[in-house]
S.K.: 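I am attaching a structure below and will ask some questions about it afterwards.
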Amino acid sequence: MSKQAPVHQGRLKTPFYSRLEKLDFVNEWHQWKGYSSADSLYCSDTEYFAIRNATAVFDLTPMTKYRISGPDALDYLNRLVTRDMAKIKPGRVAYAVWCDDQGQVIDDGTIFHLREGEYRLCSQERHFAWLQAAAIGFDVSITHETDNIAALAVQGPTSFSTLNNMGFEGLADLKPFGLMHVDFQGSELMISRTGFTGDLGYELWIDPDKAEALWDALFEAGKLYGIRAIGTDALELSRIEAGFLAAYMEFLPADETVRTGRSRSPLELGLEWLVDFKKPNFNGRRALAEEKRKGSTWRLVKLDIEGNKTAHHSYIFGQEKTNKPAIGFITSAAWSPVCKQNIALGTVRAPRGMPGDTVWVEIYYQREMHWNRHMAKATVVDKPFWFPPRRGATPPGPF
Amino acid sequence: MTDQYDAIIVGAGHNGLVCSALLARAGKRVLVLEANEQVGGAAITREFADGYSVSACAHLLYQLQPAVRKDLKLSPRLACEDMTTIALGENGKHLRIEDKRIEGVNKEDADHYREFRKRMTRFADLLRKFLNKPPPRLGTKEFKDLATLAQLGLDLRMLGKDEMRAFLRLIGMNIYDEVTERFENPLLRGAISLDAVLGTHLGPRSPNTIMTYLYRQAGDHGRNGIPAGGMGSVSNELAHVARSEGATIRTGIPVKRIIVENGRVTGVETETGDRFDSFTVISNADPKRTIMDLVGVKHVETGFTRRIHNLRAKGNAAKLHLALDGLPKFAGLSKKDLAERIVIAPDENYVERAFNPAKYGESSPAPVVELTFPSLRDETMAPTGKHVMSAVVQYAPYDLKGGWTDDAKAAFEKVVIDTIARYAPDIASRVTASELLTPVDIEREFHISGGHWHHAELTLDQFMFVRPVSSSAQYSMPLEGLYLCGAGTHPGGGVSGAAGRNAAKTILGREAAA
């Protein structure tokens, strides 16, 4: 009998897997871009409260990361994304969105200006083909470095105290959307004041060889600050509270849509503040200028809904009792423990959904097998549901 | 130095000249800037050896659109209007092919040929209608686009049910299947195959080579003419018409870049640093050169850049010019016969085999040749008693493995002369000077990226609504003020003038609508 060839590992484990595994009680994992990622490690509610009340640690290694450098890096990024990247100095991070020629969103993400002319772009989805196409005619190099960097999100009110306890000098002065480089056991550790929870928080970026050592040092430092590892379920709840968008939830990447009208423009996602029409050219500019002139089709709304029944997958209507078709639908919904609010993100037909407007959400819920339906009144709100002062405070207060 | 114009045209190729004449007639202040010393682009006559002149790239006139002739009241002086095509065979048994009749084949083939030509002429007439108007944009609700689309549909339907079906079936098919199904005579099969693939990177078995065959017929029903004084005389006449309409044409002024300011075109800058201002810049250059080099991708979007970057535009036709101290002796041909169009394409498989190596970056060891002796029609081309030969030779791929070095060129030239010598053994002894233009030379001399006749391969995925690329089919580029008017746009290359005329009509139409 011939010798069987070794089977290549099907699902990748992040450099933090050995540590996560020890903390895992429920064995609930899913696949995130080829990596195993935990939904939850022991109890998603407890994990959520770590985000809002203590320090939560989330393994974000599978997040897509590209290094962009070269003489034309700034020109390249300025054509790629809708906002003006010239304003993002070294040591700063920008939330950005990028579109196709039709002005439809391909993805959103963060761009880290690591050093003069050297950038890292992070996003949920993979975009190498598009980034390569965008590089035609530019003197830039684009490297996919997802697997070369281990990354952790350290989020919550005591996150500053935890990291400060590790002795990183200058951390107190790090402003939101700032980044700094420090030494960690002879390796360079990048700390950015960024996150996906809408709270005070940081993200740590390091060589995978130092991943376990960093984890251990972090958990040692956070012992007295309630540090806990969390999975994606808890993160998802906090991201809805913060009003952040997620690909495949609030929008479909434009290159993944088949039917016209199923993608969204930045203007339709409430991201007009990210679109700088003063730039003479960027991908989607012509189409977006036209959309601005003619008006958008859709509008993203944040909804504060009466009652406590979560509005998963609900239709949104203009009136409580109506024969007219729905004006939109819910894309993400949750009961927010910290806000004590029934909240949701949704998409409605413009010009409906201005802040302050009342709309009606058709909620179905099951009680003892039987289904119930009720029309819940909802108010369109302008601000994120959760935006604590500590998120923007520099220096952040100790806890 | 700055100067404000209503329109600046980059390149005085024949399409640029047609466009400039029509715009100037409409009262526009038009400036045409040509990099070379002569107008005409690839439609010029020039000396290649002491006393010997030749049409340097395009050498036969068969496609000049009647609509262009009429609009500009052109009457090119022709040394010959309708050449017979002589397909060379072994032992002097050649075919003489004319529009409607053919000599040297059996009765069945002759009948089939008549039928074939009748149908092809009908289809070519239909195609001609398509070629002479800007293609409609698909998916818009604008009346003009819908009306043009409806008209195209109606024209197609007017063929009758059966013929419409035949047209739609044939347009994507290859010429190989059609000729092998219809004809017995290999020379006839070969000659028709050659007509279908001349100037393209396609073999007879490549898809849509019936479309390219029809394209060739869509000007003058396939009649091949030789302009008196060479192809340059056509360009000179066009330049004369354009100037008399009021256009300014300046030669020897290469444009370095098309200036973009605040997201729109504002003029051009020349190699010498002069600046000319205009809010409308029309490029007669090919799409790649225009977007990638002259404009710069920074000013256009990624999806569009990618499509332009991926445009297939690598030439595969070379041009061989020979200065001869006397006419070579072809077995079975008289001196008078040599004044006709002579083709070496003994059968359809020969043509396909000639194409095979080109797919892998090698030139043909047994090339197909279309050759003419223009000096027999026009004595001004060579010193008294001497002659010139002008030949289109395929296949000579643009990206030849190892590059078109002097050695590679010399070797290919020898292959071509040896190929001709199979029919005219004394040709080599008659040659006193020669010039071989590979696609790389054509690129350099005429500034055509890839050295392709059509600026972009003539295939269905780069035709009509999607030429040069989708979302820019109506001559207007996705950058305010920038237009194309060359062969890379609808309908394509050849000395036809259709692209230049369509572009001018589009630009004037837009202005009227605004």
Side-chain angles (χ1 to χ4, degrees), chain A residues 68 70-82 84-86 97-107 127-140 142 253-255 257 259-261 263 265 275-290 293-294, chain B residues 137-142 256-267 279 281 285-313 449-450 466 468-474 476-483 510 513-514:
Chain A
I68 297 166
D72 290 344
L74 177 59
D75 281 350
Y76 169 81
L77 285 171
N78 251 339
R79 189 182 68 153
L80 182 75
V81 303
T82 58
D84 186 359
M85 289 303 296
V97 63
W98 52 100
C99 299
D100 64 11
D101 292 14
Q102 285 71 47
Q104 301 299 296
V105 172
I106 292 176
D107 207 351
H127 298 291
F128 201 60
W130 181 253
L131 296 183
Q132 286 289 350
I136 296 167
F138 287 88
D139 187 359
V140 288
I142 296 151
D255 47 358
T257 60
R259 296 164 181 85
T260 48
S263 54
S265 80
V275 182
D276 190 344
F277 284 110
K278 284 195 225 94
K279 286 202 296 180
N281 185 45
F282 56 82
N283 292 335
R285 188 188 189 281
R286 292 158 58 88
L288 292 173
E290 180 73 3
R293 200 171 61 76
K294 284 190 172 165
Chain B
R137 285 173 299 175
L138 298 180
T140 73
K141 292 194 176 91
E142 279 183 40
K256 186 177 166 198
R257 68 182 182 108
I258 294 170
I259 301 165
V260 179
E261 284 166 325
N262 293 317
R264 66 152 303 130
V265 160
T266 57
F279 289 124
V281 173
D286 64 88
K288 272 194 190 179
R289 189 178 165 79
T290 302
I291 300 300
M292 313 298 273
D293 302 341
L294 295 176
V295 171
V297 298
K298 190 178 156 181
H299 301 295
V300 291
E301 293 161 273
T302 293
F304 177 68
T305 306
R306 177 163 59 182
R307 289 195 289 274
I308 292 288
H309 178 76
N310 291 343
L311 197 65
R312 284 171 295 109
S449 316
V466 286
V469 297
S470 61
S471 79
S472 65
Q474 285 191 326
S476 160
M477 296 295 105
L479 175 62
E480 207 181 336
L482 180 68
Y483 296 85
R510 284 197 167 208

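Proteins get letters first, then strands, A, B, ... in listed order; numbering begins at 1 in each.
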S.K.: Would you mind telling me which of B:G296, B:P478, B:S471 has the largest number of heavy-atom pairs within less than 4.5 Å of chain A?
M.R.: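 Between B:G296, B:P478, B:S471, the count favours B:P478.
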
S.K.: Between A:Y76 and chain B, which part of the residue has a heavy atom less than 4.5 Å away: side chain, backbone, both or neither?
M.R.: neither

S.K.: When heavy-atom pairs shorter than 4.5 Å are enumerated against chain B, which of A:F282, A:F138, A:W130 gives the highest number?
M.R.: A:W130

S.K.: For chain A, which of B:E261, B:R264, B:H309 has the most heavy-atom pairs under 4.5 Å?
M.R.: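 Ranked by heavy-atom pairs under 4.5 Å with chain A, first place is B:H309.
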
S.K.: Report yes if some heavy atom in the side chain of A:K279 is under 4.5 Å from a heavy atom in the side chain of A:N78; otherwise report no.
M.R.: yes

S.K.: Run the numbers on A:D100 and A:D255 for side-chain contact (heavy atoms from CB on, under 4.5 Å), then give the verdict.
M.R.: CA-CA 8 Å; A:D100 64 11; A:D255 47 358; over 6 Å; no

S.K.: I'd like to know if the side chain of A:D72 reaches the main chain of A:D75, judged simply by a donor and an acceptor atom lying under 3.5 Å from each other, with no hydrogens or angles considered.
M.R.: no

S.K.: Does atom NZ of B:K298 have more than 12 heavy-atom neighbours, drawn from other residues, nucleotides or ligands, at distances under 6.0 Å?
M.R.: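 No - once you tally the heavy atoms of other residues, nucleotides and ligands closer than 6.0 Å, there are 12 at most.
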
S.K.: Judged by atom type as modelled, is there a donor-acceptor pair below 3.5 Å linking the side chain of A:R79 to the main-chain atoms of A:A134?
M.R.: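 Between the backbone of A:A134 and the side chain of A:R79 there is a qualifying donor-acceptor contact (under 3.5 Å).
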
S.K.: Which pair of heavy atoms, one from A:D84 and one from A:A86, lies closest together, and at what distance?
M.R.: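 Of all heavy-atom pairs spanning A:D84 and A:A86, the closest is OD1-N, 3.0 Å.
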
S.K.: When you compare the side chain of B:I291 with that of B:L479, does any pair of heavy atoms fall below 4.5 Å?
M.R.: no

S.K.: Determine the minimum heavy-atom distance between A:R286 and B:E480, stating which atoms define it.
M.R.: NH1-N, 3.8 Å

S.K.: At a 4.5 Å cut-off on heavy atoms, which part of A:N281 comes close to chain B: side chain, backbone, both, or neither?
M.R.: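 Side chain only.
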
S.K.: Counting only non-hydrogen atoms closer than 4.5 Å, can you tell me which residues of residues 301-308 of chain B sit against chain A?
M.R.: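 If one takes a 4.5 Å heavy-atom cut-off, the residues of residues 301-308 of chain B near chain A are B:E301, B:T302, B:G303, B:F304, B:T305, B:R306, B:R307.
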
